[in-house]
> 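Pasting a structure here, questions to come.
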Amino acid sequence: MSPLSSGLLGDLDPTSDRAVFRQIADQLREAIDRGRFREGEKLPSEAELVDHYGVSRMTVRNSFSILQGEGLVHAEHGKGVFVRPRPPVRRLASDRFARRHREQGKSAFIVEADAAGSHPQVDSLEVKEEKASQDISTRLGSVRRVLARRRRYLLDGRPVEFATSYLPLDIARGTQIAEPNPGPGGIYARLEELGHRLDHFEEEIRARMPSPDEVRTLRLAAGVPVIHLIRTAFDTEKRPVEVCDTVMAADAYVLAYQLPAT
């Protein structure tokens with residue numbers, strides 16, 4: 001039986017001042033929110049919706065455009081429109097940088113990938129010395145030059161974030177941190193081996209729409225925002241030893257926090 005004949009979508013309200021294509025989008029959105037159309041499931045075709053509502057194809061396409069702009073669905077050429085999967089990765093801030101993970105030779109990204117049951121990859125790696133921007137210089141205590149480590153992270157072949165770590169040259173130059181592969185546990189494990197025992201991290205997070213370059217790098221669908229996170233790592237001497245500037249696909253992550261009650 002067709003989903004449309006099973007009562008999953010209602011009828012249009014001819015007395016409403018709301019545009020017809022918005023009414024259709026409202027009904028599809030509600031059906032998605034209520035689980036009538038599940039993650040990855042194909043929505044009714046243009047032809048089915050045209051027949052069900054008695055509207056033009058352009059009206060249906062405008063409805064789909066609204067849902068795409070909201071990040072609820074994505075279109076696959078020649079196949080149809082599908083419900084976008086929910087974020088697969090739970091990023092628990094209070095646990096991802098726990099020392100026990102570094103001692104096990106795992107970076108934060110590998111820990112999260114394991115928890116999500118996904119295969120992690122890193123590509124587009126670039127490591128070089130460069131002049132620090134004013135913002136990075138300020139965050140690192142007025143350094144002039146830094147070692148920059150740029151990379152893109154993928155889960156099961158899908159790009160989910162890209163990040164740049166900036167480290168003071170007096171710490172990183174000539175160490176394994178300056179190598180393409182910093183070794184088990186990542187750069188934080190190497191920092192601690194160099195005597196910079198990590199004490200705490202500070203993060204600034206904001207959500208925004210992506211730039212064209214970010215859309216290409218993360219292969220973002222229309223309407224998907226990004227999470228822009230800047231993290232500063234401090235050692236036990238309260239010195240900032242790394243700044244990491246990260247841009248994440250917002251449809252790939254859930255940011256989770258545990259906060260003390262006192």
Side-chain angles (χ1 to χ4, degrees), residues 1-14 16 18-91 112-113 115-121 123 152-162 207-212 214-227 247-256:
M1 180 180 293
S2 167
L4 295 184
S5 62
S6 63
L8 293 183
L9 296 176
D11 299 318
L12 299 175
D13 181 359
S16 174
R18 190 162 178 77
V20 168
F21 73 95
R22 295 190 184 277
Q23 290 189 51
I24 297 173
D26 292 343
Q27 292 192 16
L28 290 169
R29 186 188 303 105
E30 180 181 7
I32 293 170
D33 290 342
R34 291 180 178 273
R36 296 170 186 166
F37 298 114
R38 297 180 296 276
E39 295 178 28
E41 187 174 347
K42 182 180 177 182
L43 292 184
S45 67
E46 286 185 8
E48 288 175 311
L49 292 172
V50 165
D51 182 66
H52 178 75
Y53 289 112
V55 297
S56 68
R57 283 185 177 270
M58 184 56 66
T59 297
V60 171
R61 289 171 185 170
N62 288 339
S63 302
F64 282 153
S65 293
I66 290 177
L67 300 180
Q68 285 182 272
E70 295 173 354
L72 288 177
V73 303
H74 66 98
E76 296 185 15
H77 184 69
K79 295 182 179 180
V81 178
F82 297 81
V83 179
R84 183 176 296 283
R86 302 296 183 185
V89 181
R90 182 177 176 83
R91 184 184 182 277
E112 291 167 349
S118 297
H119 174 63
Q121 293 174 274
D123 70 4
R152 183 175 68 165
Y153 295 98
L154 302 89
L155 289 176
D156 299 325
R158 177 200 170 187
V160 293
E161 68 176 85
F162 64 88
R208 58 173 173 79
M209 297 308 296
S211 69
E214 290 166 347
V215 170
R216 287 190 290 271
T217 300
L218 294 175
R219 302 177 195 164
L220 298 173
V224 176
V226 293
I227 300 168
V247 176
M248 299 178 280
D251 62 343
Y253 285 92
V254 171
L255 305 187

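Hydrogens, waters and symmetry mates play no part in the numbers below; they use all other heavy atoms, side chains included. Please read all numbers here as calculations on a predicted model, not as lab measurements. The first residue in the sequence is number 1, and the count goes up from there.
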> Are the side chain of Lys79 and the backbone N or O of Lys42 linked by a donor-acceptor pair below 3.5 Å?
no
> Shortest non-hydrogen contact from Leu155 to Pro120?
CD2-CA, 4.2 Å
> Can you tell me how far OG of Ser45 sits from CZ of Arg57, rounded to the nearest 0.5 angstrom?
7.5 Å
> If you compare all heavy atoms of Ala221 against all heavy atoms of Arg84, which two are closest, and at what distance to 0.1 Å?
CB-NH2, 2.6 Å
> Let me confirm one number: the CG-CZ distance from Leu12 to Arg22, rounded to the nearest 0.5 Å.
14.5 Å
> State which residues pass salt bridge (charged side-chain N to carboxylate O under 4.0 Å, His left out) with Asp11; sequence neighbours excluded, sorted by chain then number.
none
> Any non-hydrogen side-chain atom of Arg219 less than 4.5 Å from a side-chain atom of Arg158?
no
> Does some side-chain heavy atom of Phe37 sit less than 4.5 Å from a side-chain heavy atom of Pro44?
yes
> Applying salt bridge (charged side-chain N to carboxylate O under 4.0 Å, His left out), name anything that partners Asp26, two or more places apart in sequence or on another chain.
Arg18, Arg29
> Between Gln23 and Tyr53, does any side-chain donor sit less than 3.5 Å from a side-chain acceptor?
no
> Any side-chain heavy atom of Val83 sitting closer than 4.5 Å to one from Leu72?
no
> For residues Val160 and Leu218, report the shortest heavy-atom separation together with the two atoms involved.
C-CD2, 3.8 Å
> Looking only at non-hydrogen atoms, find the nearest pair between Ala249 and Leu220 and report the distance.
CB-CD2, 3.6 Å
> Identify the two heavy atoms, one from Glu41 and one from Arg36, that lie closest to each other, and give their separation to 0.1 Å.
OE1-O, 4.1 Å
> Check Leu28 against Leu49 and note the closest heavy-atom contact, atom names and distance.
CD1-CD1, 4.3 Å
> Restricting to ring-ring contact (aromatic ring centres under 6.0 Å, His included), what partner residues turn up for Phe162, sequence neighbours left out?
none
> Hey, is the main chain of Phe21 close enough, under 3.5 Å, to the side chain of Ser63 for a donor-acceptor pair?
yes
> Hey, could you give me the CD1/CG distance between Ile32 and Leu67, rounded to the nearest 0.5 Å?
5.5 Å
> In Å and rounded to the nearest 0.5 Å, what is the OG1 to CD distance from Thr217 to Glu214?
7.5 Å
> CD1 of Ile227 to CG of Leu255: how many Å apart, nearest 0.5 Å?
4.0 Å
> Look at the side chain of Gln27 and the backbone N and O of Leu9, then say whether any donor-acceptor pair between them is shorter than 3.5 Å.
no
